[in-house]
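First comes the structure, then the notes that go with it.
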Amino acid sequence: GTRRGSRRAFGAERERVGLLEHLPGIVGPDVEFVGVASLDSRNEPLPDARGVFALTLTTTSQSAVPSRPRRVPVPAYGYLEVPGEYTLEEAIAIASENDVILLAAGNHDVDLTHSTSNVVIEGMGPDLTYLSGLGRGAVIDLQGGGEITLRGMTITHGNGQDGGAIECRDSTLTLDDVRLEYNIARDGGAIYLHSCSTVMTDVDLLDNAAHNYGGAVWMNDGTLSWSGGRAARNSCGQTGGAVYLNGPDLDATITHVVL
């Protein structure tokens, strides 16, 4: 991933992961050559293809006979740029494990449902990249074992029943350097968590509202680790102006957060 403070410029040449970077270390000062073959059925490299490939490796040197071929699995993944290459919906549909969807600065109107393997969506920062709801429910609906990581963005203007910005059920959610503001819902003005595994790092929840419980966060069962950030000016009609926690199988840890 990209460390905070050094985000790669959007539109720069894609930094595709080199296939050879994943190969086992080759020991010896006189190794001259690594042969690569069998990338696909045509024996041709596919630099933009994503997935796990089987490579056949052979090493040669001046002082020894060539090694026996060895087949190893090599993962290949990269960046999907939005907009430019794809719409956000298209990028999520084709993303493979460990791909990163890069969102340009600006406002992106979205209404996403996700229920598959891990997807990473990275913006240019909370002051530059915005995901805005369309008023038809939560901005992001995460269901049925899905896994999503959101990094470097603001999610705003969601209007849902369960969670204004994010509704998560029986899934895995990771938020890093994210701001959620001006969202509204029946429960969980910004985030609704039902039996989810959730990690939040440097997350700000501002000016969200719930009609019933949890002005910013509503949580029932599951795990929550929230480190760094703040919750301010959130409100609700019942209990938990900032955070509402409930359920016999709930494990929540909140540290270094201003409430």
Side-chain angles (χ1 to χ4, degrees), residues 107-115 121 126 130-151 153-259:
N107 188 74
H108 305 267
D109 294 328
V110 295
D111 182 4
L112 298 177
T113 297
H114 181 65
S115 59
I121 304 177
Y130 291 81
L131 292 186
S132 296
L134 300 175
R136 300 194 297 252
V139 180
I140 296 174
D141 185 1
L142 185 61
Q143 304 275 351
E147 185 174 351
I148 196 167
T149 298
L150 304 172
R151 182 183 305 129
M153 67 185 66
T154 289
I155 305 176
T156 185
H157 295 110
N159 188 343
Q161 292 293 311
D162 299 329
I166 300 172
E167 178 181 355
C168 178
R169 296 179 183 271
D170 303 300
S171 298
T172 300
L173 172 67
T174 301
L175 302 178
D176 180 15
D177 191 24
V178 172
R179 183 166 66 231
L180 300 100
E181 62 183 7
Y182 303 119
N183 300 286
I184 189 169
R186 179 185 61 187
D187 293 302
I191 305 174
Y192 181 97
L193 303 170
H194 180 77
S195 299
C196 290
S197 175
T198 306
V199 176
M200 298 172 22
T201 305
D202 296 331
V203 172
D204 292 338
L205 307 175
L206 310 173
D207 300 294
N208 303 286
H211 296 295
N212 294 327
Y213 299 93
V217 177
W218 183 99
M219 179 179 180
N220 182 74
D221 292 339
T223 62
L224 169 65
S225 174
W226 182 8
S227 176
R230 60 187 177 125
R233 303 182 301 277
N234 302 288
S235 62
C236 70
Q238 297 293 329
T239 303
V243 179
Y244 177 81
L245 304 175
N246 186 47
D249 297 318
L250 182 147
D251 182 4
T253 302
I254 300 175
T255 58
H256 306 294
V257 175
V258 179
L259 299 175

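No hydrogens, no waters, no symmetry mates; every other heavy atom, side chains included, goes into these values.
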Residue pair M200 / L224: nearest heavy atoms and the distance that separates them: SD-CD1, 3.9 Å
Atom of N183, atom of G189 and distance for their closest heavy-atom approach: CB-O, 3.2 Å
Separation of I148 CD1 from D141 CG (nearest 0.5 Å): 10.5 Å
Y182 OH to D207 CG distance, which is reported to the nearest 0.5 Å: 4.5 Å
Any donor-acceptor pair under 3.5 Å from N208 side chain to L180 backbone: yes
Flag side-chain contact, heavy atom, 4.5 Å: V217 against L193: yes
Heavy-atom side-chain proximity of L250 to N220 below 4.5 angstrom: no
Test item: T239 side-chain N/O and Y213 main-chain N/O as donor-acceptor pair under 3.5 Å: no
Atom pair CD (E147) and OG1 (T172), whose distance is rounded to the nearest 0.5 Å: 5.0 Å
Check: T156 side chain, E181 main-chain N or O, donor-acceptor pair, under 3.5 Å: yes
Straight-line distance of R151 CZ to D177 CG, nearest 0.5 Å: 9.5 Å
Spatial distance of atom CG (L142) from atom CG (D170) [nearest 0.5 Å]: 9.5 Å
Side-chain heavy-atom pair E167, W218 within 4.5 angstrom cut-off: no
From CG (L173) to OG1 (T149), nearest 0.5 Å: 8.0 Å
Heavy-atom closest contact (L150 atom, V178 atom, distance): O-CG2, 3.4 Å
Heavy-atom side-chain proximity of H211 to I184 below 4.5 angstrom: yes
Closest non-hydrogen atom pair, V257 against G228: CG2-N, 3.6 Å
N234 side chain vs L205 backbone, donor-acceptor pair below 3.5 Å: yes
V243 vs M219, side chain to side chain contact (heavy atoms under 4.5 Å, CB included): CA-CA, chis, key distance, verdict: CA-CA 8 Å; V243 179; M219 179 179 180; 5.9 Å; no
Verdict with reasoning, T198 to I191, per side chain to side chain contact (heavy atoms under 4.5 Å, CB included): CA-CA 11 Å; T198 306; I191 305 174; 6.0 Å; no
Exam field: side chain S171 to backbone G146, donor-acceptor pair closer than 3.5 Å: yes
Closest approach of A242 to A231 (non-hydrogen atoms, all atoms of both residues): CB-CB, 4.2 Å
Flag side-chain contact, heavy atom, 4.5 Å: D221 against P248: yes
Side-chain touch I121/M153, heavy atoms, less than 4.5 angstrom: yes
G163 versus A138, closest heavy-atom pair with distance: O-CB, 3.2 Å
